Protein chains: 2
Amino acid sequence: MEFSVDTSLGYQINHVARLLARDLEARIKPEGIALGAFPALLHLWEKDGLTQKELVARLGIEQPTLAATLARMERDGLVTRRRDEGDGRVQRVRLTPKARALREVAYDAAMDVNAKALQGFDEAERELLMALLRRVILSVEGTENNG
Amino acid sequence: MEFSVDTSLGYQINHVARLLARDLEARIKPEGIALGAFPALLHLWEKDGLTQKELVARLGIEQPTLAATLARMERDGLVTRRRDEGDGRVQRVRLTPKARALREVAYDAAMDVNAKALQGFDEAERELLMALLRRVILSVEGTENNG
DNA sequence: CAATATTACATAGCAAGCTATGTATTGGAG
DNA sequence: CTCCAATACATAGCTTGCTATGTAATATTG
């Protein structure tokens, strides 16, 4: 088949991702949350005191990317980093009270963005889209540059 | 409904986008094409000699982002920029022979990445996913920060 | 137990996205 | 024709992604 931008999964996924990112950023920046901090906060709200390594595994980003993001989050008063007693290499990341207080506002923002993106979708369609995306993730992660 | 990373469209779309971008980059970088140059090239292969403004409209990125990308592409010998005769403000972007020669290789790379991502999908599922993504794009673009 | 390897994180440097703003050319109003 | 607005692009500065490499602490091995 001939290649075309309109039928390219990668092109369109990239397009959607940028649109959703812009939208989310517009909602959370006024609350004092940078776009890159958001995924890290989601996991820390689930389980506070994670190490950098644990966060890297959960987020699927590279370690230096997270280190820089955590530095900005510390600067912005969202987290503190403290050396682990017992293992001096480990930095445990802890949410500040300010960050803990932002949880509901942030959830609402994310749910609003998703709801807008999925307006007109019934529950079955929404589930279907998420299921298809999960399959794509497994395919790409499963072969990790050996394809 | 309670918010969760696993059921968040934005989170998962962002994840897929990064995975696909990494994969494509690994394939095209050795050919001398940077990741950011790829979408611009796709449109220039369709129609050479576009202006920056026309490319910005087609790509859905901001003008300064494209200006920087074109500067890198010029540095890398993929395009030349020439002032339009008749309107001294306009820069027409033209592909170099080198860039024209890369077309098939680039198409193949993109199709490979998409095929890997969609492995195990039949044609109907593939069409369905693309259709759902198109609906998401329309929803998000259609309300453009008025939601 | 000293030397080495491994681990966890930090730093440097680049790409590519963004907003805000500057500059040069063109077009239009008086 | 002159002045001002609009247009097309460039520049500056930030964020967030990446790879490659450095550093300090811990674990392992001969």
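Owing to the predicted nature of the structure, the values given are computational and were not obtained by experimental measurement. Lettering follows sequence order; numbering is per chain, from 1.
As judged by a 4.0 angstrom heavy-atom cut-off over every strand, B:Ile61 is placed among residues touching the sugar-phosphate backbone only. Looking at heavy-atom distances under 4.0 Å, B:Arg18 makes contact with sugar-phosphate atoms alone, never a base. Using a 4.0 Å heavy-atom criterion, one finds that B:Arg83 contacts no nucleic acid atom at all. If you check every strand for non-hydrogen atoms under 4.0 Å, B:Ala68 touches nothing. Using a 4.0 Å heavy-atom distance criterion, B:Arg82 is classed as making no nucleic acid contact. A:Arg92 comes within 4.0 angstrom of no nucleic acid atom, judged by non-hydrogen atoms across all strands.
Axis angle between the ends of the helix from C:dC1-D:dG30 to C:dG30-D:dC1, five pairs each and rounded to 10 degrees, works out to 10°.
Side-chain N or O atoms of B:Arg83 include one that pairs as donor or acceptor with a backbone N or O of B:Gly88 at under 3.5 Å. Side-chain N or O atoms of A:Arg135 include one that pairs as donor or acceptor with a backbone N or O of B:Gly120 at under 3.5 Å. The backbone N or O of A:Gly10 sits less than 3.5 Å from a side-chain atom of B:Asn114, completing a donor-acceptor pair.
Annotation: B:Arg82, atom CZ; neighbour count of heavy atoms from other residues, nucleotides and ligands within 6.0 Å does not exceed 12.
Each of B:Glu25 and A:Val90 has a nearest nucleotide on DNA chain C; the 5'-most of these lies closest to A:Val90.
Distances shorter than 4.0 Å separate none of the side-chain N or O atoms of A:Arg89 from OP1 or OP2 on D:dT23. Side-chain N/O atoms of A:Arg81 include none lying less than 4.0 angstrom from OP1 or OP2 on C:dA8. Within the 4.0 Å cut-off from OP1 or OP2 of C:dC18, at least one side-chain nitrogen or oxygen of B:Thr65 is found. Phosphate proximity of C:dT7 to A:Gln52: absent, as no side-chain N or O sits under 4.0 Å from OP1 or OP2. Regarding contacts with the backbone of D:dT15, every side-chain N or O of A:Arg72 stays at 4.0 angstrom or more from both OP1 and OP2. Dashed line: the shortest gap from a side-chain N or O of A:Arg22 to OP1 or OP2 of C:dC18 is under 4.0 Å.
Taking only distance into account, the side chain of A:Gln63 meets the base of C:dA10 through a donor-acceptor pair shorter than 3.5 Å.
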| said: The test is side-chain contact (heavy atoms from CB on, under 4.5 Å); show your working for B:Glu54 and B:Val93 and say whether it passes. | reply: CA-CA 10 Å; B:Glu54 289 166 339; B:Val93 182; over 6 Å; no
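Which of C:dC9, C:dA15, D:dC9 sits closest to the side chain of B:Arg75 comes down to C:dA15. Comparing atom distances between the B:Lys53 side chain and each of D:dA12, C:dA16, D:dC9 picks out D:dC9 as nearest. Closest to the side chain of A:Gln91, out of D:dT19, C:dC9, D:dC9, is C:dC9.
Rounded to the nearest 0.5 Å, atoms CD1 (A:Ile137) and NE2 (B:His15) are 5.5 Å apart.
Considering only residues two or more places apart in sequence or on other chains, A:Lys29 meets the salt bridge (charged side-chain N to carboxylate O under 4.0 Å, His left out) condition with A:Glu25.
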